[in-house]
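Right, one structure below, let's go through it.
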Amino acid sequence: MQQFTATVSGHREVAPNLVRVNLTAPPRMLRGAAAGQFVFVRASNADSHEPYLRRPYSLAAFDEEAGTLALLVRVVGRGSRWIAERVEGEELDVLGPLGSGFKLDERTRHLLVVIGGERQSHLATVLPLLAPAAAREVTITILIEADTAANLPPPSLLPPEVEYQTATRDGSAGHRGSALDFAKNLLPWADQVLAAGDDPFLLRLKQICAKLYPLPKVQAAVERSMACAVGVCLGCAVETQGTGYARACVEGPVFDLDRLALLS
Amino acid sequence: MQQFTATVSGHREVAPNLVRVNLTAPPRMLRGAAAGQFVFVRASNADSHEPYLRRPYSLAAFDEEAGTLALLVRVVGRGSRWIAERVEGEELDVLGPLGSGFKLDERTRHLLVVIGGERQSHLATVLPLLAPAAAREVTITILIEADTAANLPPPSLLPPEVEYQTATRDGSAGHRGSALDFAKNLLPWADQVLAAGDDPFLLRLKQICAKLYPLPKVQAAVERSMACAVGVCLGCAVETQGTGYARACVEGPVFDLDRLALLS
Amino acid sequence: MVKQGKVVETVNLSVELAPRNPHGLRLRNPVMVASGTFGYGSEYAKLVDVHRLGAIICKGTTLERRDGNIGPRTAETAAGMLNAIGLQNRGVDWLLREHAPRWAKWKTPVIVNIAAESVAEYADLAYQLDGREGVAGIEVNISCPNVAGGNVPFGSSPTAAAEVTAAVRRASSLPLIIKLSPNVADIASIAAAVEAAGADAVSLINTVLGMAIDVQRRRPMLGNTFGGLSGPAIKPIALRLVYQVAQAVSIPIIGIGGIASTSDALEFLMAGATAVQVGSASFTNPHAALNLLDGLERWLLVAGVAEVREIVGAALPK
Amino acid sequence: MVKQGKVVETVNLSVELAPRNPHGLRLRNPVMVASGTFGYGSEYAKLVDVHRLGAIICKGTTLERRDGNIGPRTAETAAGMLNAIGLQNRGVDWLLREHAPRWAKWKTPVIVNIAAESVAEYADLAYQLDGREGVAGIEVNISCPNVAGGNVPFGSSPTAAAEVTAAVRRASSLPLIIKLSPNVADIASIAAAVEAAGADAVSLINTVLGMAIDVQRRRPMLGNTFGGLSGPAIKPIALRLVYQVAQAVSIPIIGIGGIASTSDALEFLMAGATAVQVGSASFTNPHAALNLLDGLERWLLVAGVAEVREIVGAALPK
Ligand SMILES: Cc1cc2nc3c(=O)[nH]c(=O)nc-3n(C[C@H](O)[C@H](O)[C@H](O)COP(=O)(O)OP(=O)(O)OC[C@H]3O[C@@H](n4cnc5c(N)ncnc54)[C@H](O)[C@@H]3O)c2cc1C
Ligand SMILES: Cc1cc2nc3c(=O)[nH]c(=O)nc-3n(C[C@H](O)[C@H](O)[C@H](O)COP(=O)(O)OP(=O)(O)OC[C@H]3O[C@@H](n4cnc5c(N)ncnc54)[C@H](O)[C@@H]3O)c2cc1C
Ligand SMILES: Cc1cc2nc3c(=O)[nH]c(=O)nc-3n(C[C@H](O)[C@H](O)[C@H](O)COP(=O)(O)O)c2cc1C
Ligand SMILES: Cc1cc2nc3c(=O)[nH]c(=O)nc-3n(C[C@H](O)[C@H](O)[C@H](O)COP(=O)(O)O)c2cc1C
Ligand code: FES
Ligand code: FES
């Protein structure tokens, strides 16, 4: 973990209200970063108390050597809007990388990624591991859902090798319904499953998995509102099965799905 | 008084930390405006509560017909910085014109303007009346003081006919000392005196006037912190001689100096 | 989890603030402007269509003219401001002479906020307002120091608060709103006491006592040392107090404190307020109250809520 | 009017927080970090040179492990935040085993913040901390509900607050700081009571009780309904309380509440605080406390103040 000033090198709206912000960081800031980890970004000028708290964003891309990183920002409120509006040359106050990322098993050949819930930017959590995995000849299928076609992240964000299956609640693109409707069939195929979404989505995934044998190995990235993101405030509590609360910002955001006690 | 959206048409640093912001307003917003009146400007994005209150700025220039106005902004804190940083095309949320301005007597032939105190932007209060007065062949002398040469507003802000006498506390330009050091000699010359500055400055001016006979006719623009600027909060109280408190935002900011009970 | 509403075509925004009072106090909508932040209603009238407001509460009025405090009287704080005006006003006679006749012609009811330093003065004020054209109700500011009671504000003890309420109640039959102070340990007991003493409604909160220091001059920023904190900064406190009072009284509650947007107003309604007052937000945006009103109507339409009353207290424990 | 200082070359920043205590509690500088916002000191150590801090107050510790509240536990508010963590911690044994030995090697003193639901538990905690290497003092959070006393917080009555203070005082000779709650009507009387009962210092304020409502879901935002408000929003309230307490006690006061900058800290010192704690500002900027410290030293140099003590209480009535 470091605190550093990152400079915006470009930003681009990849879908309505979904902005990719490219950043350059000083050397050695991204050492040991992993997909699923995040940065904690100040979303105001230094002389303003509003918004008061930093905002967590997954590393949507990073290059340790080049000192570059990218965020995939869904504009939902004033913090995200402020970040998404920064133009080339402006600086961001960044803390990170933070938390525990996804751990891709070296033996995995069939990787299933399941992204759901209200915000499609959850996809950011896995983006950095896709190209390296594809290069190691891992077959990757991503299932993703959105309310409507316009809110689906464009396939251009993904390496070409990835199979991208979409579902929309209104049927305007892909399957009409939930990404979890396919999951049942694909879970047995996968050696490893990575998931990201809100709690109700992850709970439904867990319920589907519970009916399968052998139990699929699922790592899931959760989201919590965060005040400190370094483990001191205990605000980002995630209830676990029998071991009390864990911190989304330190032990998470990525957990083994079977460790989580989720609420709908 | 109107509430309107003004568009920045340009801004220029006329001295260190002194920025002239040019604005265009919708038609009919500046009807009846006068020098010494002010506008009340929101100094944040609409989605931020910081800074909470609007900021008062004198009309440093206005053209009723053209729908243009200008502010002369001394950068002293975050509100003034925010306003001074707005670039061409950006919009400001403006309330005004507000308050009571200077009333130049038609018979005045010799006009003395005395500007002092900690902020040289007090000069803005008289700027709009100088050129019209000069055109009516009023002889105008301005006395102004600053801590040091760099903080003196450049004479380029003034019509060429105006005589501009400067004083600096460190002697780096003009007379070493206060603008009030000349005032004694010039006050008897003037038919009318306009002054602007902080209370201690205006008090000293008043004390000097008190020793003269006949008593010079002085109108003075005061400054108060303002919450509403429309007369409802009663926060901008100005103590008067014997008639209780007056409101700087309605009865003022320009008062007859002899009406004011000033504190040092 | 987002509640799905039925389809509604119009929303009934009207609310009754004095159901126990024979006169009643029915507002067309629940959006009012708070005392001390909207003058006597006419100052903003050039800018804002004041006739669309639910009600206007005028600046605090005392029996006699008051000059108010020495300055500075206001200071900006993080997401808020401090004020120590000192109840500057010209007294109740002036109010009744200069303003009440105009108010009598308005569609929007005007409620007179009163302040005093003794129970007898409160009663006297209420008596003078009783039955006067243009005065739709009385809001009693009980945050004032009780001169006979060691300068402890009336609003900080249930007994003193109830005494003021009962005295005002006897002196006037007008709809009677008691405005509660947040600077107390147990607001619910004070609310219950004024309800029992005859209040038609309670409004809360008045400002929170605070201060700021001028570091360069090494002295308090305000001429009066202490001042009242208002604005978005106090909203979480005000909301909690409304939520607590809602569980202690059955008369209508008027929520006040940092309300600037539709969503702020909805929070207060869901916490148990029947109506809201917009205070210092008008300074930042004179249209705050009306924008909020428009947004409230739209929100209720989209949410399929036909009567604003339906969401009052929606977030209270079931 | 700006005070002109004499020329000074160095500034003495050290302060004594327990002048009446035989151990004393001398800090190299008056800038501490507040309980619950800096963990156990090690979490931020990679980022910040914690050894430059005046002192560290660790997360509130109870006798037994506590799991804490159901989420959401935090919510952002205007210029601040609400928290309802529920005192999640692993208990005092774990603290003494896992952390105290490391603290014993640090240059910066660590003060243990304790919380309990009965006087006996408070005393037991103090007894267990007494004389343990690495524990420089005790800060007692008296905002916790008194289970035997109808769940009213200890901090809301002078008697209950004094009882806790006296019990802790008997159980341990460590420097003893009582942390006061702002959710009271008369903080000065509580401060005076804990001073009389043996407190070495008081710290204030703990968070202000508040809430937020999730309008879409029509229910309280926090799992616990109510939470504590912190951040710049509460600074004016905290400053006023410090100013009031400074006129009621003669033991040192530690100012807390919305402190994020040098000028905030100066306001508290001038209001009568001998030291300050930086709380949630560390979340926004982990370097807030140290930046503030650097700025404080520079400010004092420029103002010609040789000892930070000289400005303590500078804004109090003469
Ligand atoms: C570990 C982690 C990684 C994240 N990574 C990304 C990412 O890569 N890209 C991205 O766009 N977002 C990401 N988020 C979510 C992002 O942090 C929030 O959307 C952002 O903080 C909202 O700030 P705001 O000021 O714009 O919205 P606010 O004004 O705070 O909120 C606006 C609305 O959005 C809702 N909202 C706020 N936070 C969340 C949330 N976490 N989930 C769902 N709704 C929310 C609020 O309830 C409110 O209705 C991540 C969150 C976490 C915890
Ligand atoms: C009627 C009126 C007309 C004005 N016209 C102009 C103008 O034409 N040009 C201009 O530059 N300014 C003018 N001012 C002053 C201007 O409004 C303030 O400088 C501004 O509000 C400061 O905002 P800020 O957020 O930048 O500073 P803040 O962060 O609020 O304050 C920064 C520092 O400046 C000091 N400060 C704040 N307000 C004033 C003030 N009124 N006078 C002196 N010091 C102050 C504060 O005490 C603080 O130390 C006018 C004020 C009034 C009342
Ligand atoms: C400048 C100012 C003057 C006020 N004057 C009064 C008053 O005379 N009587 C009163 O009961 N409340 C008065 N108040 C309190 C407000 O009516 C309101 O209760 C408080 O400001 C909180 O609401 P807000 O956060 O929306 O401003 C005043 C508030 C301000 C800011
Ligand atoms: C997340 C969080 C947890 C806290 N936990 C404790 C605690 O365990 N014990 C305690 O006495 N105070 C606790 N506090 C209160 C702070 O120590 C401090 O008194 C308060 O936040 C006000 O200071 P601030 O405005 O600088 O944050 C906590 C505050 C926050 C924000
Ligand atoms: S956000 Fe503070 S502990 Fe995780
Ligand atoms: S600023 Fe409100 S009355 Fe003048």
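So you know, we letter chains A, B, ... as the sequences are listed, proteins then strands, and number each from 1.
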_If I take atom CG from residue C:Asn285 and atom CZ from residue B:Arg54, how far apart are they, to the nearest 0.5 angstrom?_
6.5 Å
*asked:* For chain B, which candidate among C:Gly80, C:Gly36, C:Gly231 shows the most heavy-atom pairs at distances under 4.5 Å?
replied: C:Gly80
*C:Asn89 versus chain B, heavy atoms under 4.5 Å apart: side chain, backbone, both or neither?*
neither
_Which heavy atom of C:Phe283 sits nearest to which heavy atom of B:Phe40, and what is that distance?_
O-CE2, 4.3 Å
_With a 6.0 Å cut-off (strictly less than), is the heavy-atom count around CD of C:Glu98, excluding the residue itself, greater than 12?_
yes
*Who among C:Gly71, C:Ala281, C:Ala78, C:Gly68 has the most heavy-atom pairs with chain B under 4.5 Å?*
C:Ala78
*Evaluate the criterion side-chain contact (heavy atoms from CB on, under 4.5 Å) for residue pair C:Thr74 and B:Leu53; output intermediate values, then yes/no.*
CA-CA 11 Å; C:Thr74 63; B:Leu53 298 173; 5.5 Å; no
*Is it the backbone or the side chain of C:Tyr44 that comes under 4.5 Å from a heavy atom of chain B, or both, or neither?*
side chain
*State the NZ-NE2 distance between C:Lys235 and B:His49, to the nearest 0.5 angstrom.*
7.0 Å
*Would you mind checking which part of C:Ser282 comes under 4.5 Å of any heavy atom in chain B, side chain (CB onward), backbone (N, CA, C, O), both or neither?*
neither
*Does C:Pro286 reach the side chain of B:Leu95, with side-chain heavy atoms less than 4.5 Å apart?*
yes
*Tell me, yes or no, whether the heavy-atom count around B:Glu65 atom CD, taken from other residues, nucleotides or ligands under 6.0 Å, exceeds 12.*
no
*Find the distance between CE (C:Met81) and SG (B:Cys233) and round it off to the nearest 0.5 Å.*
6.0 Å
_Tell me if the CZ atom of C:Arg90 is crowded by more than 12 foreign heavy atoms within 6.0 Å._
no
*Nearest 0.5 Å, what's the OH-OG1 distance between B:Tyr52 and C:Thr284?*
4.5 Å
*Any idea which heavy atoms bring C:Lys59 and B:Leu234 closest together, and the distance?*
CE-CD1, 4.1 Å
*Portion of C:Asp67 that has a non-hydrogen atom of chain B nearer than 4.5 angstrom*: both
_Heavy-atom donor-acceptor pair, C:Glu43 side chain to B:Gly231 backbone, under 3.5 Å_ = no
*asked:* So for B:Glu50, is it side chain, backbone, both, or neither that comes closer than 4.5 Å to the heavy atoms of chain C?
replied: side chain
*Find the distance between CD1 (C:Ile70) and OH (B:Tyr245) and round it off to the nearest 0.5 Å.*
5.0 Å
